[in-house]
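The shown structure was predicted, so the numbers you read here are calculated from the model rather than taken from an experiment. Throughout, a chain's letter reflects where its sequence line sits, starting with A, and its residues are numbered from 1.
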2 protein chains.
Amino acid sequence: MSKYKIEEVAKQCGLTKRTLRYYEEIGLLFPAERSEGGYRLYTDKHIERLKQIMSARDVLGFSLQEIQEFISISEQFDHQRQIIRDIVDKQARLEKLSEVEETLLKQLSLIDQKLEKMNAIRRDIYQLFDQVVTAKQKLQTDRE
Amino acid sequence: MSKYKIEEVAKQCGLTKRTLRYYEEIGLLFPAERSEGGYRLYTDKHIERLKQIMSARDVLGFSLQEIQEFISISEQFDHQRQIIRDIVDKQARLEKLSEVEETLLKQLSLIDQKLEKMNAIRRDIYQLFDQVVTAKQKLQTDRE
DNA sequence: CGAAACGTTAACGTTAACGTAAATGTTGGT
DNA sequence: ACCAACATTTACGTTAACGTTAACGTTTCG
């Protein structure tokens with residue numbers, strides 16, 4: 001797997017080097033391996049994670065703290081998969097799965113609420129747009 | 001039209017009094033009329049505007065500055081309607097309308113981009129959710 | 001092997017979006 | 001007329017999310 005130095009990653013993601021270090025500092029981005037001389041060596045996993053972060057930040061308008069919680073769930077999922085595999089008792093396994101399911105359902109409903117509100121805003125703007133187009137057409141037919 | 005004192009408005013909108021004054025201070029919320037003794041007297045227009053602001057802030061994740069620009073367009077529209085009515089020259093009227101149309105189109109595409117990204121996030125989460133549900137079903141059928 | 005380009009930590013600076021406190025004035029009911 | 005509840009301005013405080021600078025080590029390339 002290829003490794004990238006900090007500037008490369010920053011450019012690819014449209015972030016600054018400071019931001020990458022900051023995200024690591026607050027525990028939002030898991031630390032990268034270091035080179036002999038102490039340089040950070042990022043992997044594709046880091047880039048993938050950064051895209052998730054930016055997506056949540058820009059699209060959902062989440063604070064970095066909220067992103068922590070939000071992302072930690074999909075991360076926990078990978079983690080939980082190991083745990084779940086290790087659970088021998090079927091009843092306990094079911095409960096663990098149900099727990100994860102519930103969390104995901106909450107996130108889905110949260111996103112659905114946002115989607116609905118965004119669509120409402122879109123409708124409002126479209127209505128304005130429609131009025132303008134109609135007004136233009138009227139002007140142009142009047143002209144003939 | 002009824003007038004409201006600041007606390008009433010704050011409660012209705014789920015904001016603090018400080019926030020209302022702050023929004024006025026930075027020019028985001030147009031100033032309210034004052035009572036004899038200097039109390040702010042808000043109208044339904046203010047409440048309507050505040051809902052727009054909160055919507056843009058919470059749903060679109062906009063900064064207050066971005067909201068300024070964003071909202072000023074629908075406000076300009078009302079304003080422009082007067083201007084447009086006053087324009088006698090049909091050619092100039094058409095141009096003004098086209099100008100507004102273009103701005104609205106930009107906003108629509110901006111929102112559409114956000115909607116698309118949000119749907120992508122939703123799909124990701126749903127996929128996880130689906131995996132969990134499948135795992136649960138498998139566990140339960142195995143049981144019989 | 002030497003310099004330019006890139007990296008590191010540490011620490012202080014900045015901006016947005018309010019919170020909070022103090023000192024003071026206003027309203028509404030009894 | 002008075003008091004409790006609400007309002008005002010002014011000004012300093014706070015937090016998140018970085019920006020910036022300094023002092024210094026590392027890589028790379030001719």
Side-chain angles (χ1 to χ4, degrees), chain A residues 2-47 49-72, chain B residues 2-47 49-72:
Chain A
S2 35
K3 318 257 172 161
Y4 318 94
K5 278 185 288 182
I6 197 166
E7 197 161 71
E8 166 106 32
V9 177
K11 273 185 186 165
Q12 260 213 29
C13 298
L15 298 169
T16 69
K17 294 181 278 182
R18 171 66 168 122
T19 300
L20 294 185
R21 296 198 194 98
Y22 178 66
Y23 284 178
E24 181 183 324
E25 187 185 330
I26 63 172
L28 188 53
L29 184 63
F30 48 95
E33 193 194 343
R34 297 302 183 103
S35 80
E36 184 79 7
Y39 281 22
R40 263 166 265 253
L41 298 174
Y42 293 97
T43 70
D44 293 303
K45 287 255 168 196
H46 289 94
I47 294 180
R49 162 64 72 100
L50 281 168
K51 302 228 158 133
Q52 278 182 56
I53 292 174
M54 292 170 63
S55 177
R57 194 190 61 176
D58 299 340
V59 183
L60 301 180
F62 280 5
S63 74
L64 298 187
Q65 270 216 18
E66 287 171 317
I67 297 178
Q68 287 270 27
E69 299 160 21
F70 192 84
I71 282 188
S72 76
Chain B
S2 36
K3 317 257 172 163
Y4 317 94
K5 279 184 286 180
I6 196 167
E7 196 161 73
E8 166 106 33
V9 178
K11 273 186 187 166
Q12 260 214 27
C13 298
L15 298 170
T16 69
K17 294 182 276 182
R18 170 63 168 126
T19 299
L20 293 186
R21 296 197 194 99
Y22 177 67
Y23 285 178
E24 181 183 325
E25 187 184 328
I26 64 172
L28 187 55
L29 184 63
F30 48 94
E33 191 194 345
R34 297 300 183 104
S35 79
E36 183 78 8
Y39 281 24
R40 265 167 264 254
L41 298 174
Y42 293 97
T43 70
D44 293 303
K45 288 253 169 198
H46 288 93
I47 294 180
R49 161 65 71 101
L50 281 169
K51 302 225 159 138
Q52 278 182 55
I53 292 175
M54 293 169 62
S55 178
R57 194 190 60 175
D58 299 340
V59 183
L60 302 180
F62 281 6
S63 73
L64 298 187
Q65 270 217 18
E66 287 172 316
I67 296 178
Q68 286 270 26
E69 299 160 23
F70 191 85
I71 283 188
S72 75

**Q** Could you check how far CZ of B:Arg18 sits from P of D:dC12, rounded to whole Å?
**A** 13 Å
**Q** Is there a donor-acceptor pair under 3.5 Å between the side chain of B:Arg40 and the backbone N or O of B:Pro31?
**A** no
**Q** From the 5' end of DNA chain C to its 3' end, which nucleotides mark the outer limits of contact with chain B, defined by a 4.0 Å heavy-atom distance cut-off (strictly under)?
**A** C:dA17 to C:dT27
**Q** Write down the distance between OH (A:Tyr39) and P (D:dG25), rounded to a whole number of angstrom.
**A** 12 Å
**Q** State whether A:Ser35 places a side-chain N or O below 4.0 Å from either non-bridging phosphate oxygen (OP1 or OP2) of D:dT27.
**A** yes
**Q** Report yes if a side-chain nitrogen or oxygen of B:Arg40 is closer than 4.0 Å to either non-bridging phosphate oxygen (OP1 or OP2) of D:dT9; otherwise report no.
**A** yes
**Q** Kindly indicate whether the side chain of B:Ile71, heavy atoms from C-beta on, has any atom under 4.5 Å from the side chain of B:Arg49.
**A** yes
**Q** Categorize B:Arg21 for me: base, sugar-phosphate, or nothing, with a 4.0 angstrom heavy-atom threshold over every strand shown.
**A** base
**Q** Are any of the side-chain nitrogens in B:Glu8 or B:Lys3 under 4.0 Å away from the carboxylate oxygens of its partner?
**A** no
**Q** When the nearest nucleotide of DNA chain C is assigned to A:Glu7 and to B:Tyr22 on a heavy-atom basis, which residue is associated with the more 5' position?
**A** A:Glu7
**Q** If I take atom CG in residue B:Leu41 and atom C1' in nucleotide D:dT8, what distance separates them, rounded to the nearest angstrom?
**A** 13 Å
**Q** Taking any heavy-atom pair under 4.0 Å as a contact, classify A:Leu64: base, sugar-phosphate, or nothing.
**A** sugar-phosphate
**Q** For the side chain of A:Gln68 and the backbone of A:Ile26, is there at least one donor-acceptor N/O pair under 3.5 Å apart?
**A** yes
**Q** Please examine the side chains of A:Leu50 and A:Tyr42, heavy atoms only from C-beta on, and report whether any two atoms are closer than 4.5 Å.
**A** no
**Q** With DNA chain D as reference, determine whether B:Lys17 or A:Gln65 sits nearer its 5' end, using the nearest nucleotide of each.
**A** B:Lys17
**Q** Using the ring of each side chain (for Trp, its six-membered ring), is B:Phe62 parallel, tilted or perpendicular to B:Phe70, with breaks at 30° and 60°?
**A** perpendicular
